[in-house]
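Below, chain A is the first sequence line, B the second, and so on; all start at residue 1.
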2 protein chains.
Amino acid sequence: MRHSRQRDEILSLVRSGALGHPTAQEVHDAVRKACPAISLGTVYRNLHQLVEAGELAALETGGALHYDWDLRPHHHLHCNRCGALVDLPLDVGRSLRRQAQAQGHDIHAYDITMRGLCSRCLTKSDKHS
Amino acid sequence: MRHSRQRDEILSLVRSGALGHPTAQEVHDAVRKACPAISLGTVYRNLHQLVEAGELAALETGGALHYDWDLRPHHHLHCNRCGALVDLPLDVGRSLRRQAQAQGHDIHAYDITMRGLCSRCLTKSDKHS
DNA sequence: CTAATTGCAAACGTTTTGCAGCGTT
DNA sequence: AACGCTGCAAAACGTTTGCAATTAG
C-alpha cells in the first residue's frame with residue numbers, strides 16, 4: 001500500500017472522531033475541505049482499503065455503511081428517535097464466543113447493534129416525570 | 001391491512017422455512033411458482049409490511065436484507081466460507097438489556113450477527129486432523 | 001520505470017416510488 | 001363505492017468498476 005494524500009486525510013479525519021460514525025458520503029463531504037478535488041469513488045476505495053488493512057471498522061447499519069475508528073471491542077445503539085449511533089461498551093464477547101464454539105462454529109468477528117432510545121432522548125422526554 | 005393472495009403466499013412461503021433466510025429476490029423467484037405474475041415491487045412492499053406488522057424479522061446482513069420467520073430471540077452466524085446464514089441460539093439478551101439500561105438507554109430490539117466459519121465448513125476441512 | 005492511485009463517469013444491485021387499474025371489503 | 005393493493009417502469013440510493021492520466025517509490 002503506497003502513500004497518498006487522500007488516504008492520509010481520510011484516515012486522520014475519521015480517526016479524529018469529529019464525524020462520529022460517518023458514512024462514505026459524510027467522509028467525502030468533510031474531506032473536501034482539505035482535498036477539494038477528491039472524488040467519491042476514491043473515498044469509497046480508501047475506506048474499503050483501510051478496513052481491509054485493519055485501520056478502521058465498518059458498521060452495517062441502516063442502509064449505508066458507517067465507519068468507526070475505535071477498534072476496541074464495543075458495540076452500538078441506533079437510536080430510533082434521533083438516529084444517532086451511540087457507542088456502547090458491552091461485556092459479552094467472551095460469552096458469545098464460548099457459546100458459538102460450543103455449537104461447533106469458529107467466530108472471527110461480530111457486531112451487536114441494538115435499536116431503542118438513547119439516553120439523551122430519554123432524558124429530554126423526561127420533563128413530565 | 002386487507003387480504004391479498006400475494007401477501008398470503010409470501011408469508012406462508014417464508015414461514016415454511018424452505019428458503020432459509022431469503023432475500024426479497026429469492027422470495028420473488030420462489031413465489032412466482034404460485035403467483036407467476038407477481039412483481040418484485042409487490043414482494044418488497046409486502047415483506048416490508050409483514051416486518052412492520054411483526055410477522056417477520058429482517059436481518060441487515062451483507063448487501064441485501066434477509067428475512068426470518070423465526071421471531072424468538074436467536075442470532076446468526078454469517079459464514080465466511082460458504083456464505084450461509086446459520087441460526088445461533090445465544091443466551092445473552094438479558095445481560096445485554098441490563099448493561100444497556102445501566103448506561104441510561106432503552107433497548108427495543110437487537111440482533112447479533114457474527115462472522116466466522118460455520119460448523120459444516122469446519123468439519124468438511126477436518127479431513128486432515 | 002512501474003505499478004498503485006486518482007478523478008470521472010458509467011454501471012451495478014437493492015430498494016422505493018408514481019401511477020393507472022384491479023380486488024377486497 | 002371506497003380504498004388498499006397490484007403490476008409496471010422509472011428512479012433513487014449506496015457502492016463498485018473501467019479507464020486514461022497522474023503520482024509515489
CG of A/Leu40 versus P of C/dA10: gap in Å, rounded?
15 Å
Quickly work out the A/His66 NE2 to D/dT15 P distance and round it to whole Å.
9 Å
B/Leu47 atom CG is separated from C/dT16 atom P, nearest whole Å, by 10 Å
According to side chain to side chain contact (heavy atoms under 4.5 Å, CB included), who are the partners of A/Asp70, at least two apart in sequence or on a separate chain?
A/Asp68, A/Arg72, A/His74
Work out how much the helix from C/dC1-D/dG25 to C/dT25-D/dA1 bends between its end axes, five pairs an end, to the nearest 10 degrees.
30°
Please name all residues satisfying side chain to side chain contact (heavy atoms under 4.5 Å, CB included) with A/Ala64, sequence neighbours left out, ordered by chain then number.
A/Thr23
Counterpart residues, salt bridge (charged side-chain N to carboxylate O under 4.0 Å, His left out), relative to A/Arg98 (two or more places apart)
none
Just by protein heavy atoms under 4.0 Å, how would nucleotides 20-25 of chain C read 5' to 3' in B, S and -?
---BBS
Applying ring-ring contact (aromatic ring centres under 6.0 Å, His included), which residue pairs with at least one partner in residues 15-70 of chain A are found, sequence neighbours left out?
A/His21-A/Trp69, A/His21-A/His76
With sugar-phosphate taken as primed atoms, P, OP1 and OP2 and all else as base, the protein-contact string of nucleotides 7-14 of chain D at under 4.0 Å (heavy atoms; B, S, -) is BB-----S
Presence of A/Gln49 side-chain N/O under 4.0 Å of C/dA4 phosphate oxygens OP1/OP2
no
Polar side-chain atom of B/Glu26 near backbone of B/Gly20 as donor-acceptor pair, under 3.5 Å:
no
What pairs of residues pass the ring-ring contact (aromatic ring centres under 6.0 Å, His included) test when at least one of them lies in residues 77-109 of chain B, not counting sequence neighbours?
none
Return the value, rounded to whole Å, for the distance between atom NE2 of A/His28 and atom C1' of C/dT6.
12 Å
Could you check whether A/Glu60 gets within reach of a base, just the sugar-phosphate, or nothing at all, counting any heavy atom under 4.0 Å?
nothing
Residue set satisfying side chain to side chain contact (heavy atoms under 4.5 Å, CB included) with A/Arg45, at least two apart, ordered chain then number -> A/Thr42
Measure the distance from CG on A/Asn46 to P on D/dT15 and round it to the nearest whole Å.
15 Å
Looking at every heavy atom in both A/Gly54 and A/Leu71, which two are closest together, and how far apart are they?
O-CD1, 3.2 Å
Can you pull the side chain to side chain donor-acceptor pair (under 3.5 Å) pairs that have at least one residue in residues 55-64 of chain A, sequence neighbours excluded?
A/Arg15-A/Glu55
Set of residues satisfying side chain to side chain contact (heavy atoms under 4.5 Å, CB included) with respect to A/Ala34, sequence neighbours excluded
A/Glu9
Separation of D/dT23 atom P from A/Asp8 atom CG, nearest Å, is 16 Å
Kindly give the cluster partners of B/Leu85, where membership spreads through any ILVMFWY side chain lying under 4.5 Å from a current member.
B/Leu59
